[in-house]
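Below is one structure, written out as structure tokens; comments come after it.
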Amino acid sequence: MDEKVGRRPELVRDSSWLAGSDLVVVALGLVGQAFLAKSLLRSDFGLMVVLIDAFAVMFLFIDAGLPTIITRDVPRARHQCRALVGQTYRIQAVLCLVMLPPGLLIGFSLWPAAPTELLLACGGIAIVHVFTYAPRSALRALGEARQEAIVKFIERGVVTSGYGLLTWVGITSPTYYASAFLLGVVLSLVYALFAASRLWNSVLIPTGALEKPSSGLETPQESRENILLSNKELILSALPFAITLGVIPLIGRFEKLLLSAYHGTAEVAVFHVAFLAYLAGLTLPQAIRAAMLPILGQIRADISATRSEIRKARRIILWLIPLGLVGGVVVVKLLMQVAFSDYVVDSYGLFLILLAGWAITMLTAPNYVAVQAGNNPWKFTMMLFIGVTIAIASALVLIPELGVVGAAYSSVAGALALGVVAVVFSGEFSPTSTGVSPGHESE
């Protein structure tokens, strides 16, 4: 019995769906923040934000880097998607049971005056959100980025609608708003599991999938590779991606901490507004990365094919960068004048500096994914550590002297360092076959 072909990951189509959904999510998120700001006392608003962020950090490692493995490996063995997602959930459930008691204990200890229901709702948001990643990764790996886009839209649509309804009826308790957030996350998880199960149940096991060794000559559509590992092997293979989960939150946050320490919270607010606009622009390279990971995952052992995909993607990106630069200059100026009129003079100049970092991130996005999908995932961890280290070092040097301008320059320095290392580690311009995915490189 042969595997059904179905939809396959495709760069332009999938990145368009993901980028489009991210833009909608960002817009709905801004509307939701406006509802919160209108309905809640500033102290309650801040408490809710802090609790959600704190629990997100405390429960971050339940993810364990396993959804990245799903996105990377499932395109080579679509018939094993259901088994891999199930194994991921079993491992994450154990991690959840281990981390939940200390996480809640820390929460109740640090915020003893917070309502118990609010603490539990915020903790639930963080945990359920982590459990959405596996089926979302499966959808993308099976060529259904459009379904992942719907999952993201459902979450944000329900949350924003809930905020709006609560504001309309005059609710001022943060617990109700956190509960609306939790409802949105739960419904998005239910839909993600439903959509993913429909796909993996329709994938037939190819003849000889587990008996016939791969000759190395099959196309990705004809792959008979076995991607299932023991729990120990799976955890070890995902470990580099799990470690990076602790590094990524430092990006953008360290500059704000230094600004607060050296120049006060007013400077933090100025940088935060510019950085929000920068983050909105990063939805495009992030969508490209997400769409490319299953594509490069299919060919991770073929460096020539990987280089070809990198250059194919860059040809598209070179058309997008000028449009993004011009659009960013114009659109952000108009949006700041409407939404952040008090910050336009100071924040807009910082955003123009950060645009250089956006262009670098766009240009090197294919190399970033090539390292992530490569046979040695520790290179990906090392790449992120180098980029973050240089960003932190430059922040320590520039922020005390230059303030918010130094923070913007340090962010660009981090993006440049990450981009350069990604190009080197991807092996795009290497004359040998020891770049992205050498045939026998140790993991």
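- At least one donor-acceptor pair closer than 3.5 Å links the side chain of E10 to the backbone N or O of R13.
- In the model, D22 has no side-chain atom that pairs as donor or acceptor with a side-chain atom of T283 under 3.5 Å.
- To the nearest 0.5 Å, the span separating OH on Y409 from CG on L350 amounts to 9.5 Å.
- Within a 6.0 Å radius of CZ in F108, other residues, nucleotides and ligands contribute more than 12 heavy atoms.
- A heavy-atom distance below 4.5 Å is found between the side chains of L193 and Y89.
- The local environment of CZ in F59 is crowded, with over 12 non-hydrogen atoms from other residues, nucleotides or ligands closer than 6.0 Å.
- W358 contributes a side-chain N or O that, together with a main-chain N or O of G281, makes up a donor-acceptor pair within less than 3.5 Å.
- Formation of a donor-acceptor pair under 3.5 Å by the R314 side chain with backbone atoms of L363 is found in this model.
- Residues S410 and E255 share a closest heavy-atom pair of OG-CG, 3.4 Å.
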Quick one: do L18 and R146 satisfy side chain to side chain contact (heavy atoms under 4.5 Å, CB included)? Show the steps, please.
CA-CA 7 Å; L18 295 174; R146 60 182 175 179; over 6 Å; no
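- Within a 6.0 Å sphere centred on CZ of F131, heavy atoms belonging to other residues, nucleotides or ligands number more than 12.
- Not a single donor-acceptor pair under 3.5 Å links the side chain of E117 to the backbone N or O of T175.
- A donor-acceptor pair under 3.5 Å is formed between the side chain of T160 and the backbone N or O of L28.
- Salt-bridge annotation for K312 and E309: present, with a side-chain N of the basic residue lying under 4.0 Å from a carboxylate O of the acidic one.
- E148 pairs by the salt bridge (charged side-chain N to carboxylate O under 4.0 Å, His left out) definition with R136, R140, not counting sequence neighbours.
- Proximity of a side-chain donor or acceptor of R311 to a complementary backbone N or O of E428 within less than 3.5 Å is detected.
- Cation-pi geometry between R307 and F429 is not satisfied (NZ or CZ under 6.0 Å from the ring centre, within 45° of the ring normal).
- Atom OH of Y191 sits in a crowded spot, with more than 12 heavy atoms from other residues, nucleotides or ligands closer than 6.0 Å.
- A side-chain contact (heavy atoms from CB on, under 4.5 Å) with I288 holds for exactly one of I317, V12, I316; it is I317.
- Residues G32 and Y163 share a closest heavy-atom pair of O-CD1, 3.6 Å.
- The two atoms that bring V369 and M292 nearest to each other are CG1-C, 3.7 Å, heavy atoms only.
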